[in-house]
Number of protein chains: 2
Amino acid sequence: MQFMTDHDKQTEERIFEAATEVFIEKGLDGSRIQDIADRAGMNKSLLHYYYRSKDRLFDAVFEMIAMKMLKKFAPVFEGDLTLEEKIRFFFREHLSFLQKNPRLPAFLLNEVNRHPERIRKFLANINIENLWKMLYDQHKDELDQYNITREKMPQIITTMASLTVFPFAAKMLLVELFGKAGIKFDDYIEERKTFAADFMISALKNMNRSNPEDESKIKKNDNKKKK
Amino acid sequence: MQFMTDHDKQTEERIFEAATEVFIEKGLDGSRIQDIADRAGMNKSLLHYYYRSKDRLFDAVFEMIAMKMLKKFAPVFEGDLTLEEKIRFFFREHLSFLQKNPRLPAFLLNEVNRHPERIRKFLANINIENLWKMLYDQHKDELDQYNITREKMPQIITTMASLTVFPFAAKMLLVELFGKAGIKFDDYIEERKTFAADFMISALKNMNRSNPEDESKIKKNDNKKKK
DNA sequence: ATTAAATTTGGCCATCTGTTTAAACCATAT
DNA sequence: ATATGGTTTAAACAGATGGCCAAATTTAAT
């Protein structure tokens, strides 16, 4: 046999791949075990032979996807890049990853909200505090320079995640809304790789330069009068 | 009868409210018509009497929620506030709204991704291009001052949505991760009302001051050498 | 009070869905 | 060839599920 066809893959692997596709597309509740069997081209019972139940099969798929997603974040906290380089690296790499896996954010967010118990065990290993503490310590000099305190790290980390994950979580919405304005989603994402990085860096550099609330109030009320 | 009990509400209204709760909690696929009837305290058949089917009931609920969500965005584009005031207004009001309806983002994003056909008709009325064009025209002076072109508006609008919607779409995740670091989700959101506004304003003011890519490369490579 | 209409109920049905069971199939070793 | 053990299939099961219907009950009009 010279070609590697679907049938050359082990049965268990084919089940897993078909299940991954279906679960991502329809979610746990919306997926039917028959759909998965059909897509894998085999009898329904085989899924029970290799994975005891729909739930166990889902858990296996979910764990794989969650790990895949998490591993992508790791490189940001390694290497001796400057903070700005890390930010650019993060947005470029993470958005590229999501371009290749555009349905992952919606899938993960939905399942996490729908079945929180199920995901607790995956989260047990992650200590996000260490994560931003590490990032803060590595770049204390730069952050001090910008007047960013350690207490702001949760806001900053979640902001970075927001900027990459949201467009994909809301992809269908954006495709629909952008369509009428002649904007292509792919172009938008491509542009976002640099926009998000520029945006992030610019915000960090200047947000605590002076009290933004006061500054804006004073400066802008003048402008307003002119209108 | 001196008290307004659940039974005083019209049947149709009670169905609608129970359905809203269940659909938001479990999604269309995860919801059972029996659950809704139980929560409304009535016979299953009544749901079919007032709404012909599960799908029609869902559509009614979905439309209400979508409208509720959309109406909250409108005030941002009215009034003669300055751009900065509008930004602060948006983050304060929108995050407050989401605090009261924390499950709406996850629900909406999930259903939009899961059943795109269903939502197309709701989106048909919305012209997002007009929306950001309006915002741009209203604040052309300020935006020019910051070197923000009209082409950047899609990125800016979606960024604002990201900053408010994502934390709620990922609420379960954040609650779990924050928990270990002793951070309360509610405090985080409260802080976010000003953080997101400051962050946004700071970014807009400075991101095109010079070419950020070049500036950062030069300035930061010096810092890096010191390490 | 009588009648007609609207509302509510319980029971039922056809279908779907995850799971189980038993038989068939197949490769390998003896 | 036969036996063995792992693999695959068809059939069936039990419980759930959305929808339907006919009877019962309530409400409103005359």
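All chains are named by letter (A, B, ...) in the order of the sequence lines, taking the proteins before the strands, and each is independently numbered beginning at 1. Source: prediction; values computed, not measured.
Computed from coordinates, the A:His48 NE2 to D:dT7 P distance equals 17 Å when rounded to whole Å. Going from atom CD of A:Gln10 over to atom C1' of D:dG6 covers 13 Å, rounded to whole Å. The distance between atom CE of A:Met42 and atom C1' of D:dT7, rounded to the nearest whole Å, is 11 Å. Atom CG of B:Leu47 is separated from atom P of D:dT17 by 14 Å (rounded to the nearest Å). D:dT17 atom P lies 13 Å from atom CG of B:Asp29, rounded to whole Å. In this structure, B:Ile36 atom CD1 and D:dT17 atom P are separated by 12 Å, rounded to whole Å. Between the CG atom of B:Asn43 and the P atom of D:dA22 there is a distance of 16 Å, rounded to whole Å. Straight-line distance from the CD atom of A:Glu13 to the P atom of D:dT7: 15 Å, rounded to whole Å.
Listed in residue order, the members of residues 50-65 of chain B having a heavy atom less than 4.0 Å from DNA chain D are B:Ser53, B:Lys54.
In terms of the side-chain hydrogen bond (donor to acceptor under 3.5 Å, both in side chains) criterion, residue partners of A:Asn43 (sequence neighbours excluded) are, by chain and number, A:Ser45.
Between A:Gln34 and B:Leu46, it is B:Leu46 whose nearest contact on DNA chain C lies nearer the 5' terminus. Checking A:Lys44 against B:Lys44, the closest nucleotide of DNA chain D that is more toward the 5' end is the one next to A:Lys44.
Judged purely by distance below 3.5 Å, without hydrogens or angles, the side chains of A:Gln138 and A:Lys133 never pair a donor atom with an acceptor atom. Under 3.5 Å, the side chains of B:Glu93 and B:Ser96 contain no donor-acceptor pair of N or O atoms. In the model, A:Tyr188 has a side-chain atom that pairs as donor or acceptor with a side-chain atom of B:Thr158 under 3.5 Å. A donor-acceptor contact closer than 3.5 angstrom links the side chains of B:Lys86 and B:His139. Between B:Arg192 and B:Thr164, the side chains place no donor N or O within less than 3.5 Å of an acceptor N or O (distance only, hydrogens not considered).
Taking every nucleotide of DNA chain C with any atom under 4.0 Å from a non-hydrogen atom of chain A, the first and last of them, 5' to 3', are C:dT17 to C:dT21.
Between B:Arg32 and D:dG18 there is a side-chain polar atom (N or O) within less than 4.0 angstrom of OP1 or OP2. Contact check, A:Thr11 against D:dT8: a side-chain N or O comes under 4.0 Å of OP1 or OP2.
Comment: B:Asp38 does not engage B:Lys44 in a salt bridge, judged by the lack of any side-chain N to carboxylate O separation of less than 4.0 angstrom. Using a cut-off of 4.0 Å between Lys/Arg side-chain N and Asp/Glu carboxylate O, A:Arg118 and A:Asp55 are scored as salt-bridged.
Within the 6.0 Å centre-distance limit, the rings of A:Phe122 and A:Phe62 are counted as a close aromatic pair.
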